Protein chains: 2
Amino acid sequence: MTRKRFDDLDCSVACALDQVGDWWSLLVVKEAMLGTRRFVDFQQRLGIAKNILCNRLNRLVDSGVMSKVDAGEHGTRYEYRLTDKGRDLFTVITALRQWSERWNGNRDDLRLVDRISGHPIRQLRVESDDGQPLTVRDVRFEDAGAERLAKDA
Amino acid sequence: MTRKRFDDLDCSVACALDQVGDWWSLLVVKEAMLGTRRFVDFQQRLGIAKNILCNRLNRLVDSGVMSKVDAGEHGTRYEYRLTDKGRDLFTVITALRQWSERWNGNRDDLRLVDRISGHPIRQLRVESDDGQPLTVRDVRFEDAGAERLAKDA
DNA sequence: CCAAAACGGTTGCATGATGAAACCGTCCTG
DNA sequence: CAGGACGGTTTCATCATGCAACCGTTTTGG
């Protein structure tokens with residue numbers, strides 16, 4: 001049986017996980033954010049099998065998260081770079097990193113700091129439109145259809 | 001071959017993915033945030049196989065993301081609830097949702113709104129300690145010990 | 001009070017995904 | 001021009017997944 005697809009769930013979260021929700025994809029993206037661009041470097045730094053890395057890079061290129069550019073003048077030297085869509089995963093990866101550091105302790109040698117000031121970055125937080133912090137208890141999932149019905153009535 | 005473990009990578013992101021980084025775990029957590037608590041409800045709403053759901057719930061309980069409470073007076077009626085650690089994944093899931101809506105379009109019937117005002121929530125953004133927005137290009141990974149800088153992106 | 005259904009699983013099976021290693025064609029490098 | 005680096009592909013053993021059937025307990029309907 002093939003893995004269940006999430007894109008039929010009519011859920012943005014499921015749709016996102018369909019693109020970057022497997023064991024390796026987000027780590028590849030994170031490694032790219034550290035500056036890694038070449039196949040062998042991804043392979044060695046992540047310790048991933050070559051066939052799996054090949055599969056993941058192809059899928060990330062297919063879904064528009066990374067792009068494969070010919071950087072070798074003569075055809076066999078490639079670079080994999082983040083697209084704007086891929087760079088925008090910075091928020092997701094930062095959220096994961098902060099969550100893990102809060103609850104599992106900091107297992108990382110590297111601290112994420114502002115390049116200019118050298119200060120650590122702020123904790124991410126979900127906010128209302130007037131800037132107040134929101135927890136999961138402070139939000140609800142409003143049915144857009146019901147909203148339309150209510151306005152029609 | 002068993003799946004490669006990430007907890008030896010000395011990376012907080014890898015450590016997080018080790019706990020919630022598979023195809024189903026974050027969807028189970030998201031479903032719990034919508035209010036789902038019982039086994040059959042998770043199963044039906046997500047369309048997940050029972051043995052896989054059982055495995056995921058057990059792993060989420062083991063890693064402290066959810067707790068299994070006996071809600072049935074007589075022993076066979078259980079509820080699975082988010083712990084504080086699990087509720088704190090709200091930021092991660094919100095980041096994923098916003099990313100997906102930005103780049104894949106809104107495939108969701110449900111809009112996430114402030115429970116009180118009914119207004120949509122703010123876009124998450126990574127900020128420096130003085131509140132300026134930061135992209136991945138504006139940060140570096142500072143080695144706590146040496147002064148090894150991340151390569152330019 | 002009894003039968004049936006719900007609940008929360010467990011087991012078996014077929015199939016897909018993964019990891020390790022070997023192999024391969026092209027390019028560059030000494 | 002030989003050897004190695006690069007970017008894969010192939011093969012194979014093992015693991016994970018999805019599906020359906022089954023099961024013991026508890027609740028519910030008549």
Side-chain angles (χ1 to χ4, degrees), chain A residues 1-9 14 17-28 31-32 35-63 66-82, chain B residues 1-9 14 17-28 31-32 35-63 66-81 151:
Chain A
M1 300 299 142
T2 194
R3 183 184 68 79
K4 199 139 194 170
R5 309 259 79 203
F6 288 152
D7 45 10
D8 60 338
L9 277 182
L17 291 175
D18 212 44
Q19 295 182 21
V20 294
D22 73 311
W23 294 108
W24 283 114
S25 294
L26 272 182
L27 280 184
V28 169
E31 197 59 41
T36 302
R37 290 175 176 176
R38 296 235 309 284
F39 188 92
V40 282
D41 292 332
F42 283 109
Q43 204 221 318
Q44 289 171 1
R45 288 195 228 262
L46 291 173
I48 182 176
K50 294 170 79 173
N51 50 352
I52 304 300
L53 175 60
C54 191
N55 176 285
R56 289 304 179 278
L57 285 171
N58 286 335
R59 284 212 293 130
L60 289 170
V61 169
D62 285 345
S63 59
M66 303 190 75
S67 64
K68 181 178 185 174
V69 303
D70 190 328
E73 310 285 320
H74 301 331
T76 188
R77 197 61 55 98
Y78 299 110
E79 284 187 359
Y80 293 89
R81 302 201 191 192
L82 291 171
Chain B
M1 300 297 143
T2 195
R3 184 184 66 80
K4 199 142 194 169
R5 308 260 78 203
F6 288 151
D7 46 9
D8 61 337
L9 277 181
L17 291 174
D18 212 44
Q19 295 182 20
V20 293
D22 73 311
W23 293 107
W24 284 114
S25 294
L26 273 182
L27 279 185
V28 170
E31 197 60 39
T36 303
R37 290 177 175 176
R38 297 234 309 282
F39 189 92
V40 282
D41 291 333
F42 282 109
Q43 203 222 317
Q44 289 171 1
R45 288 196 229 264
L46 292 173
I48 182 176
K50 293 170 79 173
N51 50 353
I52 304 300
L53 174 60
C54 191
N55 176 286
R56 289 304 178 278
L57 285 171
N58 286 336
R59 284 212 292 132
L60 289 170
V61 169
D62 285 346
S63 60
M66 303 190 75
S67 64
K68 180 177 186 174
V69 302
D70 188 329
E73 310 284 320
H74 300 329
T76 188
R77 198 61 54 98
Y78 299 110
E79 284 188 1
Y80 294 88
R81 301 200 192 192
K151 289 188 290 184

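This is a predicted model, so every value here is computed, not measured. Each chain gets a letter, A, B and so on, in the order the sequences are listed, and its residues count up from 1.
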**Residue pair A/Leu27 / B/Leu17: nearest heavy atoms and the distance that separates them** = CG-CD1, 3.7 Å

**Item:** Minimum-distance nucleotide to A/Lys50 side chain [options: D/dG8, C/dG9, D/dC6]
**Value:** D/dG8

**Request:** For the side chain of A/Ala49, starting at C-beta, report the closest nucleotide among C/dG19, D/dC19, C/dG9.
**Result:** C/dG19

Can you measure [X] atom [atom1] to [N] atom [atom2] for me and round it to whole angstrom units?
X: A/Arg38; N: C/dC27; atom1: CZ; atom2: C1'; answer: 13 Å
X: B/Tyr78; N: D/dT26; atom1: OH; atom2: C1'; answer: 11 Å
X: A/Asp18; N: C/dA17; atom1: CG; atom2: P; answer: 12 Å
X: A/Ile48; N: C/dA20; atom1: CD1; atom2: P; answer: 10 Å
X: A/Met66; N: D/dG7; atom1: CE; atom2: C1'; answer: 15 Å
X: A/Leu46; N: C/dA20; atom1: CG; atom2: P; answer: 13 Å
X: A/Phe42; N: D/dG8; atom1: CZ; atom2: C1'; answer: 15 Å
X: B/Leu53; N: D/dC19; atom1: CG; atom2: C1'; answer: 14 Å

**Message:** Base, sugar-phosphate or nothing for B/Asn51? Non-hydrogen atoms, less than 4.0 Å.
**Reply:** base

**Request:** Taking the side chain as every heavy atom from C-beta outward, state whether A/Phe42 and A/Val28 have any pair of such atoms under 4.5 Å apart.
**Result:** yes

**Item:** Residue pair A/Tyr80 / A/Arg37, side-chain heavy-atom distance below 4.5 Å
**Value:** no

N or O in side chain of [X] less than 4.0 angstrom from [N] OP1/OP2:
X: A/Arg77; N: C/dC27; result: no
X: B/Lys68; N: C/dG9; result: yes
X: A/Trp24; N: C/dG19; result: yes
X: B/Trp23; N: D/dA16; result: no
X: B/Tyr80; N: C/dG9; result: yes
X: A/Arg56; N: C/dT18; result: yes

**Request:** Could you check A/Gln44 against B/Ile52 and say which one's nearest nucleotide on DNA chain D is further toward the 5' end?
**Result:** A/Gln44

**Message:** If you apply the rule side chain to side chain contact (heavy atoms under 4.5 Å, CB included), what do you find for B/Asp70 with B/Tyr78, and how did you get there?
**Reply:** CA-CA 5 Å; B/Asp70 188 329; B/Tyr78 299 110; 4.0 Å; yes

Residues 53-63 of chain A, side-chain donor-acceptor partners within the protein, below 3.5 Å, at least two apart:
unit_1, atom_1, unit_2, atom_2, d
A/Arg56, NE, A/Asp22, OD2, 2.2
A/Arg56, NH2, A/Asp22, OD2, 3.0
A/Asn58, ND2, A/Cys54, O, 3.1
A/Ser63, OG, A/Arg59, O, 3.1
A/Ser63, OG, A/Leu60, O, 3.4

